[in-house]
Amino acid sequence: MKIATWNVNSVKVRLPRLLEWLKEFSPDVALLQEIKVVDEGFPSMEIQDMGYNLAVHGQKTYNGVAILSKHRLEDVSMGLPGGDGTDGQARYLEAFTGGVRVACIYLPNGNPAPGEKYDYKLAWMDRLVAHARDLLAWEEVVVLGGDYNVCPADEDVWNPVAFAADALCLPPTRNRFRQLLHLGYTDAVRVFHTGPLYSYWDYQGGAWEKDHGLRIDHLLLSPQATDRVTAAGVDRTPRGREKPSDHTPVWCDLEV
DNA sequence: ATGCCTTGCGGAGCAAGA
């Protein structure tokens, strides 16, 4: 079962890229972030025609997440628990599909740090850690995938010195990501690959051509999912195409 | 030091991204 995450940076603009990638890569489950549309604006027809069921948690202009699955989507819930209903940003969507519980995460960027935005990021991460802990009690095959806006280690940054004070790399950010690992979640890509590996390249300054990237998109696996993972990686192909997203898909294969 | 690019919104030039 192939599960992939991709920050598409506007599902409307990226629709041709998305459709060709779905056809070529044919993931069983696709977790999309930054769709930047309200639910009614989502290109449901085109995607359903390719054999996918949909769960959409949209928002006007910013954010927005969606889950695409070839399997039935059950137990769909919008929003990260613990927000007291005050979280107006569409950044979290969860569902059970094909025997796997999947979360689609668009974690706040947090820049500039320090500041209100960074405080929001850290608070959001604390809520994620708490929810991730709760999920473990069910002993399910869980995949927490998405744009984490976290570079877990220096090897995930093309220039660690330049990014040392960035919200994606600051110690409080990395500490919270590490809490997820300490709970028992596994960074799928790092099971199979060592060394520098990126999932995002800035549009500016020819970052893609110079391979000036960051690894900020992740698939975290519960112990039950880790037992079943057979492969994982980054699919760089979509980033090199016409009108690309600045992110590229990250995927894993589970034997379920 | 700043902008570099891309998006949405709205119909110019910001805000936001990372």
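In what follows, chains carry the letters A, B, and so on, assigned in the order in which the sequence lines appear, proteins first and then strands, with residues in each chain numbered from 1.
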- Query: Does A:N63 place a side-chain N or O at less than 4.0 Å from the phosphate oxygens OP1/OP2 of B:dG17?
  - Reply: no
- Distance between the C1' atoms of B:dG11 and B:dT7, in whole angstroms? 16 Å
- Base, sugar-phosphate, or nothing for A:Y106, non-hydrogen atoms under 4.0 angstrom? sugar-phosphate
- State whether a side-chain donor-acceptor pair under 3.5 Å links A:Y118 with A:T173. yes
- Report the distance from atom CD of A:E34 to atom C1' of B:dT7, rounded to the nearest whole Å. 9 Å
- Check whether any side-chain N or O of A:R14 sits under 4.0 Å from OP1 or OP2 of B:dT7, and answer yes or no. yes
- Task: Select one nucleotide: of B:dC9, B:dG17, B:dA18, the one nearest the side-chain heavy atoms of A:I216.
- Result: B:dA18
- Message: Determine whether a donor-acceptor pair (N or O, by modelled atom type, separation under 3.5 Å) exists between the side chain of A:R14 and the backbone of A:N9.
- Response: yes
- Message: Measure CD/A:Q33 against P/B:dA18 and give the value in whole Å, please.
- Response: 10 Å
- Task: Could you tell me which residues satisfy salt bridge (Lys or Arg N to Asp or Glu O under 4.0 Å) with A:D187, sequence neighbours excluded, listed by chain and number?
- Result: A:R215
- From B:dC5, B:dA18, B:dG8, nucleotide with atom closest to A:S10 side chain: B:dG8
- Using modelled atom types only, decide if a donor and an acceptor are shared between the side chain of A:D253 and the backbone of A:M1 within a distance under 3.5 Å. yes
- Message: Hydrogens and angles aside, do A:H131 and A:E94 bring a side-chain donor and acceptor to less than 3.5 Å of each other?
- Response: yes
- Task: Round to the nearest Å and state the distance from A:E209 atom CD to B:dC5 atom P.
- Result: 11 Å
- Task: Write down the distance separating the P atoms in B:dA1 and B:dA12, rounded off to the nearest Å.
- Result: 35 Å
- Atom CG of A:L32 and atom C1' of B:dT7 are separated, to the nearest Å, by 17 Å
- Could you check A:K243 against A:Y200 and say which one's nearest nucleotide on DNA chain B is further toward the 5' end? A:K243
- Using the ring of each side chain (for Trp, its six-membered ring), is A:F177 parallel, tilted or perpendicular to A:H218, with breaks at 30° and 60°? tilted
- Ignoring backbone atoms, establish whether A:N149 has a side-chain N or O less than 4.0 Å from OP1 or OP2 of B:dA18. yes
- Message: Checking the side chain of A:Q59 only, and the main-chain atoms of A:H57 only, is there a donor and an acceptor separated by less than 3.5 Å?
- Response: no
- DNA chain B nearest-nucleotide lookup for A:V13 and A:P112: closer to the 5′ end is A:V13
- Message: Rounding to an integer number of Å, can you tell me how far A:N109 CG sits from B:dA18 C1'?
- Response: 5 Å
- Can you check the A:Q204 CD to B:dC4 P distance for me, whole Å? 7 Å
- Task: Mind listing the residues from residues 168-179 of chain A sitting with a heavy atom below 4.0 Å of DNA chain B? Number order is fine.
- Result: A:L168
- Is the backbone N or O of A:E255 less than 3.5 Å from a side-chain atom of A:T230, with the two atoms forming a donor-acceptor pair by type? no
- Query: With a 4.0 Å cut-off on heavy atoms, is A:D217 in touch with a base, just the backbone sugar-phosphate, or nothing at all?
  - Reply: nothing
- Message: By the 4.0 Å heavy-atom rule, please label A:H247 as base, sugar-phosphate, or nothing.
- Response: sugar-phosphate
- Task: Provide, to the nearest angstrom, the distance between the CZ atom belonging to A:R241 and the P atom belonging to B:dT6.
- Result: 18 Å
- Give a yes or no answer on whether the side chain of A:D246 reaches the backbone of A:D202 with a donor-acceptor pair at less than 3.5 Å. no
- Message: Give me the distance, rounded to whole Å, that separates B:dC14 from B:dG10 when you measure between the C1' atoms they each carry.
- Response: 11 Å
- d(CD1, A:I35; P, B:dT7) in whole Å: 16 Å
Scan nucleotides 11-16 of chain B against the protein and return all N/O pairs shorter than 3.5 Å with their distances rounded to 0.1 Å.
none

- Item | Heavy-atom side-chain contact between A:Q224 and A:V142 under 4.5 Å | no
- Is the shortest distance from a Lys or Arg side-chain nitrogen in A:R91 or A:D147 to a carboxylate oxygen in the other one below 4.0 Å? no
